[in-house]
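Position 1 is the first residue of the sequence, and the numbers go up from there. Bear in mind the structure is a predicted one, so any value in this text is a computation, not a measurement.
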Amino acid sequence: DSYKSLLIYLIKNGIIPTSRVRDYTLVKAYAEHIFNDKGSRNGFCAEMEAVYDLSQRQIHNIIGRNFQRFLISKHIIE
């Protein structure tokens, strides 16, 4: 709950753009989709098209542009 409050605070104060949060949630959902072997990238994009009100092409671009940035462990500080 404290993470949710912090995230809302960061978004409301313009520290994190809403597009960044949207991109992260899309990439995270896509990673879960492919790691659980639920289907293809095209199928995922078709499903998410209505959820995020974006075209399949836009979703493809978001995943391609951000997958490594958001999910590769070298970017995580432990």
### Task
Report yes if the side chains of Arg69 and Asp23 come closer than 4.5 Å at any heavy-atom pair, otherwise no.
no
### Summary
Rounded to the nearest 0.5 angstrom, the CD-CE distance for Gln56 and Met48 is 11.5 Å
### Query
Can you tell me how far NZ of Lys28 sits from CG of Asn66, rounded to the nearest 0.5 angstrom?
14.0 Å
### Query
Taking the inter-plane angle between the rings of Tyr24 and Phe70 on a 0 to 90° scale, is it parallel (under 30°), tilted (30 to 60°) or perpendicular (over 60°)?
perpendicular
### Query
Once you round to the nearest 0.5 Å, how far does CD1 of Ile16 lie from CG of Leu6?
7.0 Å
### Summary
For Gly39 and Ile34 the tightest heavy-atom approach is O-CG2, 4.4 Å
### Task
Could you walk me through whether Thr18 and Arg22 pass the side chain to side chain contact (heavy atoms under 4.5 Å, CB included) test, one step at a time?
CA-CA 6 Å; Thr18 54; Arg22 179 206 58 211; over 6 Å; no
### Query
For Arg20, does the CZ atom have more than 12 heavy-atom neighbours from other residues, nucleotides or ligands under 6.0 Å away?
no
#### Entry: Spacing of Leu26 atom CG and Leu54 atom CG [to the nearest 0.5 Å]
6.5 Å
### Task
Using a cut-off of 6.0 Å, state whether more than 12 heavy atoms not belonging to Asp53 lie near its atom CG.
no
### Task
Examine Ile62 and Val51 and state if one hydrophobic cluster contains both, with Ile, Leu, Val, Met, Phe, Trp and Tyr joined whenever side-chain heavy atoms are less than 4.5 Å apart.
yes
### Query
Got a second to check how far Asn42's CG is from Ile59's CD1, nearest 0.5 Å?
11.0 Å
### Task
Mind listing the closest non-hydrogen atom pair of His60 and Arg41 along with its distance?
O-NH2, 2.9 Å
### Query
Parallel, tilted or perpendicular for Phe44 and His33, by the 30°/60° rule?
tilted
### Message
According to a hydrophobic-cluster definition based on side-chain heavy atoms being under 4.5 Å apart (Ile, Leu, Val, Met, Phe, Trp, Tyr only), do Phe35 and Tyr30 belong together?
### Response
yes
#### Entry: Tyr3 reachable from Tyr9 in the ILVMFWY side-chain graph, under 4.5 Å edges
no
### Query
If you round to the nearest 0.5 Å, how far is CG of Leu10 from OG of Ser5?
10.5 Å
